[in-house]
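Scroll down for the structure; my scribbles are underneath it.
Chain identifiers are assigned alphabetically (A, B, ...) following the order of the sequence lines, protein sequences preceding nucleic acid strands; residue numbering begins at 1 within each chain.
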Amino acid sequence: MPVALVDCNNFYISCERLFNPKLEGKPIVVLSNNDGCAVSRSNEVKALGIKMGEPWFKMEQMARQHGIIAFSSNYTLYGDISSRVMATLATFTPRQEIYSIDESFLDLDGFPAHTLQDYGQKIRRTVKRNIGIPVCVGIASTKTLAKLANHCAKKDLAGNDGVCDLGQLDEAQRRALFQSLPVGEIWGIGRKISESLNQLGIETVEQLRAADPDFIRKRFSVVVERTVRELNDIACIELEQAGTPRQQILVSRSFGRSVVTLDDLKESVTYFTTRAAEKLRKDGSVANSVCVFIRTNPFKVNEPQYERSVVVPLMQSSDDTAMLVKAALFGLKHIYLPGYQYKKSGVMLMGLQPKGVTQGNLFDEIPISDEKSDSRMKVIDSINRKMGKDTIAFAGSGTRRSWAMRRERMSPNYTTRWDELVRAG
DNA sequence: ATGCTCCTGCGAA
DNA sequence: CTAACGTTCGCAGGAGCAT
């Protein structure tokens with residue numbers, strides 16, 4: 001019954017500090033793609049009042065004033081550290097759900113209740129010692145409550161040094177805690193639903209916990225109803241272990257600067273399709289259609305706006321980069337209009353099925369995969385995995401890359417590139 | 001009346 | 001030097017369509 005939610009503290013910041021201890025105690029932010037917005041903030045930066053998602057150009061003045069150090073996000077590094085943390089956490093439970101790059105649920109069913117607080121401390125110590133990443137642990141009877149407990153651990157609301165086990169609280173303590181927490185802190189209750197709940201006079205976690213589930217379902221949805229039940233110790237949300245492949249794959253980016261020509265858009269679409277196809281093959285899936293979209297910059301209100309997408313069905317489901325690129329470019333030509341300043345494009349692979357499972361048509365005798373294409377793709381994937389993702393690229397993904405992301409504040413790839421580690425040293 | 005597919009809104013990290 | 005606001009995924013519910 002008990003479940004733990006382990007969440008890394010300021011994960012991207014902690015990763016940057018791991019290899020550059022001088023950053024300890026300094027105000028740091030990690031920026032989103034294109035060095036756009038803050039996606040991870042050190043405690044020092046949070047203390048300055050800088051919000052999650054705040055655009056860099058809006059805080060730049062303040063950054064200069066307080067000596068804030070900004071990094072472009074380095075997902076190769078974060079992904080590598082994440083898998084080490086997850087592997088360590090796996091040793092603490094028979095059943096783990098990796099929920100995001102920095103969070104994991106651990107099933108603690110069967111563990112004696114009075115030992116859980118200590119067990120949480122042991123998890124913290126071990127991850128800190130083995131990987132160097134600080135984490136907080138929330139423990140409770142349901143996933144929703146474990147998330148809430150984790151929040152309490154992070155904010156030190158129960159004075160428990162990074163671990164909060166809601167099971168240790170008596171009824172009065174629990175109620176007092178829940179009365180002090182706004183509904184918006186609950187997993188699944190975002191901005192909109194918070195506002196609507198507030199309209200109904202439901203402002204605290206305790207008030208939502210005490211609400212009538214049937215009423216909540218009628219007024220909101222079955223999702224919010226489940227949340228109410230989970231707040232009352234009734235588990236409704238299963239632990240999801242790895243295995244179910246994705247239903248769609250999306251690769252899209254804002255450009256480092258705006259782009260006008262069809263040629264530049266073709267380059268970007270070819271590149272994104274290539275990355276998407278790699279993910280597809282890694283999942284062992286095939287796609288039956290490709291969606292392409294392009295759009296101008298909606299923040300530039302004085303410029304003419306244009307946004308369009310199209311779905312291109314494939315004759316036959318495929319995981320071959322060449323086939324998918326062909327379909328994507330066909331779609332692009334269809335939606336492209338000259339004369340606009342394009343800021344973003346993207347490619348979505350849809351209708352994903354496990355490879356090798358023929359769908360549908362009994363009369364269709366066309367083989368579902370072509371061996372030549374299969375082995376060609378395997379060779380390309382393996383070389384790109386070892387040597388860096390652009391070692392072998394499809395003609396058409398371009399070498400000019402005038403649309404490339406801005407990443408002017410990158411830290412080195414300490415863990416995945418020897419050359420960059422040496423340079424850093 | 002019922003069952004679909006497509007689209008939109010929402011939330012999360 | 002300049003301009004400058006993220007990405008990816010799943011789910012639920014409603015609209016629209018076909019039967």
### Message
Tell me the interatomic distance from Arg407(A), atom CZ, to dG6(C), atom P, rounded to whole angstroms.
### Response
14 Å
### OP1 or OP2 of dT7(C) under 4.0 Å from side-chain N/O of Ser32(A)
no
### Query
Just how far, in rounded Å, is C1' of dG13(C) from NZ of Lys192(A)?
16 Å
### Query
Do Glu206(A) and Thr204(A) have side-chain N/O donor and acceptor atoms under 3.5 Å apart?
no
### Whole-Å C1' distance, dA12(B) and dG6(C)
14 Å
#### Entry: Rounded distance in Å - CG (Asn34(A)) to P (dC5(C))
8 Å
### Task
Would you kindly say whether Gln96(A) and Ser104(A) are connected by a side-chain donor-acceptor distance under 3.5 Å?
yes
### Message
Rounded to whole Å, how long is the line connecting atom CE of Met405(A) with atom P of dG6(C)?
### Response
11 Å
### Message
I'd like to know if the side chain of Ser345(A) pairs up with that of Ser268(A) as donor and acceptor (distance under 3.5 Å, no hydrogens or angles considered).
### Response
yes
### Query
Between residues 193-219 of chain A and DNA chain B, which residues have a heavy-atom gap below 4.0 Å?
Ile193(A)
### Query
Which residues pass the salt bridge (charged side-chain N to carboxylate O under 4.0 Å, His left out) test with Asp7(A), sequence neighbours left out?
Lys154(A)
### Task
Would you mind classifying the nucleic acid contact of Tyr99(A) as base, sugar-phosphate or nothing, using non-hydrogen atoms under 4.0 angstrom?
sugar-phosphate
### Query
For residues 35-71 of chain A, which residues have at least one heavy atom under 4.0 Å from DNA chain C?
Cys37(A), Pro55(A), Phe57(A), Lys58(A), Glu60(A)
### Message
Taking the six-membered ring of Phe178(A) as reference, does the cationic atom of Arg174(A) (NZ for Lys, CZ for Arg) lie under 6.0 Å from its centre and within 45° of its axis?
### Response
yes
### Task
Scan Ile186(A) against the nucleic acid and name what it touches under 4.0 Å (heavy atoms): base, sugar-phosphate only, or nothing.
sugar-phosphate
### Message
For residues 291-326 of chain A, which residue pairs pass the ring-ring contact (aromatic ring centres under 6.0 Å, His included) check, not counting sequence neighbours?
### Response
Tyr306(A)-Tyr340(A)
Got a list of side-chain donor-acceptor pairs under 3.5 Å for residues 181-191 of chain A, not counting sequence neighbours?
residue: Glu185(A); atom: OE1; partner: His151(A); partner atom: ND1; Å: 3.3
residue: Trp187(A); atom: NE1; partner: Tyr99(A); partner atom: OH; Å: 3.0

### Task
Write down the distance between CZ (Arg295(A)) and C1' (dT7(C)), rounded to a whole number of angstrom.
12 Å
### Task
Would you kindly give the CD-to-C1' distance between Glu103(A) and dT8(C), to the nearest whole Å?
15 Å
### Query
Can you check whether Tyr75(A) and Tyr12(A) have ring centres sitting under 6.0 Å from each other?
yes
### Message
Closer than 3.5 angstrom, by distance alone: can the side chain of Arg281(A) be matched with the main-chain N or O of Asp319(A) as a donor-acceptor pair?
### Response
yes
### Message
Can you see if the side chain of Arg253(A) gets near the phosphate of dT8(C) - specifically, an N or O under 4.0 Å from OP1 or OP2?
### Response
yes
### Message
I need the NZ-P distance between Lys343(A) and dA3(C), as an integer number of Å.
### Response
12 Å
## Note on the structure
Here the salt bridge (charged side-chain N to carboxylate O under 4.0 Å, His left out) pairs for residues 235-260 of chain A, sequence neighbours left out, are Arg246(A)-Asp283(A)
### Message
Below 4.0 Å from chain A heavy atoms, what is the first contacting nucleotide of DNA chain B and what is the last?
### Response
dC10(B) to dA13(B)
### Message
According to side chain to side chain donor-acceptor pair (under 3.5 Å), who are the partners of Tyr119(A), at least two apart in sequence or on a separate chain?
### Response
none
### Message
Using a heavy-atom cut-off of 4.0 Å across all strands, would you classify Arg191(A) as base, sugar-phosphate, or nothing?
### Response
sugar-phosphate
### Summary
Quick note, salt bridge (charged side-chain N to carboxylate O under 4.0 Å, His left out) partners involving residues 138-148 of chain A, not counting sequence neighbours, are Glu97(A)-Lys143(A), Glu103(A)-Lys147(A)
### Query
Reckon Lys300(A) has a side-chain N or O less than 4.0 Å from the OP1 or OP2 of dC5(C)?
no
### Query
Which is true for Ile101(A) with a 4.0 Å heavy-atom rule: it touches a base, it touches only sugar-phosphate, or it touches nothing?
nothing
### Query
What residue pairs, at least two apart or across chains, pass salt bridge (charged side-chain N to carboxylate O under 4.0 Å, His left out) with a residue in residues 303-318 of chain A?
Lys300(A)-Glu303(A)
### Query
Does any N or O in the side chain of Asp156(A) come within less than 3.5 Å of the main-chain N or O of Asn160(A), such that one atom is a donor and the other an acceptor?
yes
Interface polar pairs with nucleotides 9-12 of chain C, N/O, under 3.5 angstrom:
residue: dC9(C); atom: OP1; partner: Arg246(A); partner atom: NH1; Å: 2.5
residue: dC9(C); atom: OP2; partner: Leu250(A); partner atom: N; Å: 2.5
residue: dC9(C); atom: OP2; partner: Leu250(A); partner atom: O; Å: 3.4
residue: dG10(C); atom: OP1; partner: Gln247(A); partner atom: N; Å: 3.2
residue: dC11(C); atom: OP2; partner: Gln247(A); partner atom: NE2; Å: 3.4
residue: dA12(C); atom: OP1; partner: Arg226(A); partner atom: NH2; Å: 2.7

### Query
dC5(C) C1' sits how many Å from Asn297(A) CG, rounded?
8 Å
#### Entry: For Asp102(A), all residues meeting side chain to side chain donor-acceptor pair (under 3.5 Å), sequence neighbours excluded
Ser100(A)
